[in-house]
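Report on one structure; see the data block that follows.
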Amino acid sequence: MRVLRRALGTLLVLGGLGAAVSCTAAHGDDARPGAGRRAALAPYERLLPAPASARAGGAGYAFGPGTVIRTGPDAPREVRQVGELLAEQLRGPSGLPLPVAQGQEGDGIRLRLDDAARELGAEGYRLRTTASGVTLTARTPAGLFHAGQTLRQLLPVRGAGVVPGGEVTDTPRFAYRGAMVDVARHHFPVEQVKRYVDQLAQYKINTLHLHLTDDQGWRIAIDSWPRLATYGGASEVGGGPGGYWTKAAYRDLVAYAAQRYVDVVPEIDMPGHVNAALASYAELNCDGRAPERYTGTKVGFSSLCVGKERTYEFVDDVLGEIAALTPGRYLHIGGDEAHSTPAADYAAFMDRAQAVVAKHGKTVVAWHQLAGARPARGAVLQYWGHDKTPAADRSAVAAAARAGHPLILSPADRAYLDMKYDKATKPGLSWAGYVPVQRSYSWNPGSYLPDVPESSVLGVEAALWTENIATRSEWELMAFPRLLGLAELGWSPAAALDWPAYRLRLAAQAPRLEAQGITYHRAPEVPWE
Ligand code: ACM
């Protein structure tokens, strides 16, 4: 048996794939555009995000017309659902019948919940392939779901084929692996967001943050303040018709995401970014006069009226209804770019808004500007600064982290998917600079902010703002492939983060992205298959 320690030593690949492994090693540090075209990564090396450990060896399993997906005879409903969903995901590309059976006896794909497998934690899994089948083991249904997504990548893009023998043992580096979409600047149908949920879950992203409200539109029905959606939702950037989601549609989306182990974090942005609300209700304005709806792209011009009690009735009603729609623990209350709210008012407002979140049983998430006010106990801060962010702002965030506030990292010059790749990118913005695929990937979340220990980092989030992203193909072009790199930063161990190796893993995803009809940017620094 041959043992090769991969670059940086996390991925240990043993056994019968020696030729492919040494081929990878031979060009592993060659980062020239187009270099490495001859390299064919072995299946366990292609996995993206890179697993904590993988070992190839032994006979493989013939995935074909006889394959059955087996859950245990006493498997809980969630495990059977994971099995059914996996079958559904595999039937399309494979064209196989893939029945789901409630036994464990016999060959096939076996799903096993094992409470004793403590090392796998809340989301980890083990995948073991032998001639008799592929066994997925986890402590939780979420872990089994992630195992299934790994299995998808070990199967041919189309049709039947052999899953090579081997074993993966995998757990995430960070608990929070998020993607944000701004559905306020442009309205998008729930179906498009569901499509994104499938794409996120495939790469083990477990949180969908929805930026539901902004100056240009209010996208979620609120029963106690109906004009927010019916009037404030009927606009978007550029003057299009806008739109909003009913509560039934939103619940359906949340349930769809939950089945894929994606938690939805709704954001109601306050006290700025509120023109759609101010336009809908004159009483929310300090002068009692409603402004026009807004379809431009300026920021920082609107504010809730901090001195008015009616404002807090509004906040309580809205956050109460949103909390009732949210099975997860987090409510995001924005707090960014409140340039029209004096600092003392901002702090006073955020004190009360945070208390409302707590009253409704949820934990606050806010953009990192809250660090300059008084973040409530347990509040999570989302950092969206960049290389030119003043050191004082970063220090305030670091101080908040040291005071116990977990951080979600979305550095705009790495993780903002709306930043153009380069000057030729048509959609998107460039205020944080161009963000090529390599740059988006090449940072370490655990040591990114000075004086912030990795233990303060809850996770990483890729953010897609939509000021000038209006269609599915623009959305996907900006998200893909950078989303995959950010997924890997959130999941894979630090020692696996390595651009020369990553670009080959990414290149190997191209046929899968194409088979799924995903529009993606063919970045020149990646030797696409
Ligand atoms: C932000 O980009 N204003 C959070």
Side-chain angles (χ1 to χ4, degrees), residues 176 178-186 207-219 236-237 265-277 294 296-304 330-341 343 346 349-350 353-354 364-373 375 379-390 393-394 396-397 400 405-420 427-435 440 448-449 458-469 475 478-479 482-483 486:
Y176 185 109
M180 191 266 326
V181 194
D182 167 12
V183 294
R185 268 50 176 274
H186 279 97
T207 308
L208 172 68
H209 162 189
L210 291 170
H211 183 78
L212 290 166
T213 65
D214 213 304
D215 291 315
Q216 298 88 345
W218 186 287
R219 305 292 174 216
E236 62 186 358
V237 169
V265 176
E267 179 187 353
I268 304 294
D269 202 348
M270 305 180 286
H273 290 278
V274 291
N275 191 76
Y294 181 68
T297 58
K298 293 201 180 82
V299 298
F301 61 88
S302 61
S303 177
L304 289 171
Y330 297 119
L331 287 195
H332 201 308
I333 54 171
D336 58 320
E337 296 176 313
H339 306 319
S340 305
T341 317
Y346 174 85
F349 174 86
M350 293 305 275
Q354 293 181 89
V364 167
V365 185
W367 298 106
H368 75 255
Q369 279 69 25
L370 181 60
V380 175
L381 301 178
Q382 184 168 10
Y383 180 75
W384 61 282
H386 48 88
D387 284 359
K388 299 196 178 88
T389 292
D393 292 9
R394 273 190 251 182
V397 175
H405 295 285
L407 302 184
I408 297 166
L409 299 182
S410 302
D413 52 356
R414 312 275 183 177
Y416 268 28
L417 300 176
D418 58 311
M419 291 299 121
K420 293 175 188 287
L429 303 173
S430 56
W431 59 261
Y434 297 131
V435 181
S440 179
Y448 180 69
L449 281 175
L458 189 60
V460 177
E461 185 169 290
L464 183 71
W465 299 97
T466 62
E467 279 96 331
N468 64 354
I469 291 167
W475 167 330
M478 300 309 277
R482 289 178 293 195
L483 180 72
L486 295 160

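Counting starts at 1 for both ligands and their atoms, following the listed order. Just so you know, these numbers come straight off a predicted model, no measurement behind them.
Checked against a 6.0 Å centroid threshold, the rings of W367 and H209 count as neighbours.
With sequence neighbours excluded, the residues satisfying side chain to side chain contact (heavy atoms under 4.5 Å, CB included) with T341 are P271, S303, V306, A338, D345, Y346. Shown here are the side chain to side chain contact (heavy atoms under 4.5 Å, CB included) partners of V435, two or more places apart in sequence or in another chain: M419, S440, R482. Remark: D182 engages R185 in a salt bridge (charged side-chain N to carboxylate O under 4.0 Å, His left out) (not counting sequence neighbours).
The only member of T213, V274, L210, I333 that meets side chain to side chain contact (heavy atoms under 4.5 Å, CB included) when paired with I268 is T213.
Using a 4.0 Å heavy-atom criterion, the residues that approach ligand 1 are D336, E337, W367, W384, Y416, W465.
One side chain, H273 or E337, offers a donor N or O that lies under 3.5 Å from an acceptor on the other.
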